[in-house]
Amino acid sequence: MCGIVGYVGTQQAAPLLLEGLTRLEHRGYDSAGVAVLGGSGLRVAKRAGRVRELADGLPRRFGGKVGIGHTRWATHGPANDTNAHPHLDAASRVAVVHNGIIDNAAALRTELADDGIVLASDTDTEVLAHLIGRSRAETLEQRVAEALGRVEGTYGLAVAHADFPDRLVVARNGSPLIVGVGDREMHVASDLAALVRYTTTVAHLDDGEMATITATGFTTYRLGASGLAATERRAREVDIDPTAYDAGQHDSFMHKELLEQPTRAEAVLRGRLDERFGTGHLGGLNLDARELRAIRRVKILGCGSAYYVGQMGASLIEELARIPADAEAASEFRYRNPIIEPDTLYVAVSQSGETIDTLLAVQEVQRKGGRVIGLVNVVGSAIARQVDGGIYLHAGPEVAVASTKALTNMFLGFAMLALQLGRVRDLSIADGRRLIGGLTRIPEQIGDILATESDLAVVAQRLAAAESLFFVGRVRGFPVAREGAQKFKEISYRHAEAYQTSELKHGPLALISPDVPTVAIVPDDELVERNVAALHEIAARGGPLVVVTHASVDLGHLAGGVGADGVDGAATVRIDVPRNERELDPILLTIPLQLLACHAALELGHDIDKPRNLAKSVTVE
Ligand code: AGP
């Protein structure tokens, strides 16, 4: 979604701003722009399209050592040159870039229009530029604070003003902003990805905070009804590998991130498994054994893939801890006036830690007195800061829109949480150790699946030819099917629908034909016979099958191998994954589905890191 960059220092700002915007491209955007403050005042260039096009079209004289930049993902008004940020006030002395949504923009636009101001764009952001531009307060900080006092909604914003050419003023409320400290220069960005090339010394602003950025430092304030009160915020070193944001020799970030899964899985497990007592050791939960024991229900909240892995987590918790657990799409949760119970543990799960629906769901729970823990990947993100405890997922930066390694680590996080909840109840030490053994094997087993990539690519090429596919599974396998369909549709743009295998007969079987392949999740578990029977029903109707299963499963006369002549005939292709403990199988069954999606999208010639219409972090409702 939208991205912000800013620079104040001794170098020309424009090239640095453009480089920063390039680093934010993965978040998804439809237009881009920059503004610089130099000897000839404020200069702006913006347009619909890619950052590359903006850079190519930049006027030759575009000098200035202070500047702001933006990538826009359209919300108010279409993606065109006029609606692109930065937005200017009537006198063209103020430039504003903004992430988030101003809820009372319509009323403010009317008020400005009544005062004779002609608004150039359809955006909510432009009102901010006019409000700041017409303020007569003494300092830029006061002018921005005055304007923000008039708006309702969410924002991360950066302001440049020709009357205050030595500084930027930035502010945050619900949309992240990070200040990066360099050598006689300062950077600002909405995402660490745009900063790490220049500095790893950063300060995350809090909601309700504002900062002044000059070449030599930054000062922070709290925005309040009675004005600006100085806050004490120090920049800290973040432990991040600057090359994490380079795809290296890989042709996509998704592929790079897929292959990182064994090492990232080791990272999330490291130091969190207690072999001796057969339990998880998640210190960050801030819950002692008595508090864990008092939990009567678990409710997991996440969006998209995080929701599907939440369903896998709910199964794990029910199986290991025997506590009722379920997952719900965070985007729906707060709109049904949910009942918040004191003995329910709420778990927010998010890669970015920025997903607004999940953040608002967390706030809804907390407002009603509930306790929320987080499974979050991005350190210092909004959700990580909002929750009452939790763990980081240690997946490293995930750039591709399609989540892979973060999702795997979410599953492993849930497994450790389930173990810990189980071991303060009836899960035996022997079972605890059995599961720890299973968890310890997972990184290597993921590696074994990844090693079959070339075979899976052949299957994917054939699936790519189908306009429409089913992904089916039962109980533990159903969220796997949902995640498989999600990954496939988001990057291949094929219609991929997930169903419970048991529900096929109740409707979707009518769609089975030689043109509609089914990817079936068939682990060797207590449901294997029922699952295989359903495969026969599909095959009998000419439906091509790809079965993700275990080598021990007998598919009878349906059997084929990866690369066998299936998919486009009625024959079956089987993909065998290594066996683990039953409860942990879902994540291993998920890995081949990631590779199928990746290779189908490559076969179709799509830009798999930037799927159409999608953004990496969904920061608006
Ligand atoms: C995953 O492949 C998707 N891009 C998407 O569903 C994602 O999982 C969802 O938007 C939630 O994001 P989050 O984990 O950053 O909260």
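Both counts, for ligands and for their atoms, begin at 1 and track the order of listing.
When only modelled atom types and interatomic distance are considered, Ser403 and Gln351 share no side-chain donor-acceptor pair under 3.5 Å. With hydrogens and angles left out, the side-chain atoms of His250 and Glu257 include no donor and acceptor closer than 3.5 Å.
For Glu237, the side chain to side chain contact (heavy atoms under 4.5 Å, CB included) partners two or more places apart in sequence, or in a different chain, are Thr200, Thr201.
Among pairs with a residue in residues 370-396, those fulfilling salt bridge (charged side-chain N to carboxylate O under 4.0 Å, His left out) read Asp206-Arg385, at least two apart in sequence or across chains. Under the salt bridge (charged side-chain N to carboxylate O under 4.0 Å, His left out) criterion, the residue pairs touching residues 393-402 are Glu398-Lys616, with sequence neighbours excluded.
In this pair, His98 and Tyr155 present their aromatic rings tilted. The plane angle is within the 30 to 60° band.
The 4.0 Å heavy-atom shell around ligand 1 contains residues Cys303, Gly304, Ser305, Ala306, Ser350, Gln351, Ser352, Thr355, Val401, Ala402, Ser403, Met410, Gln486, Lys487, Glu490, ordered by chain and number.
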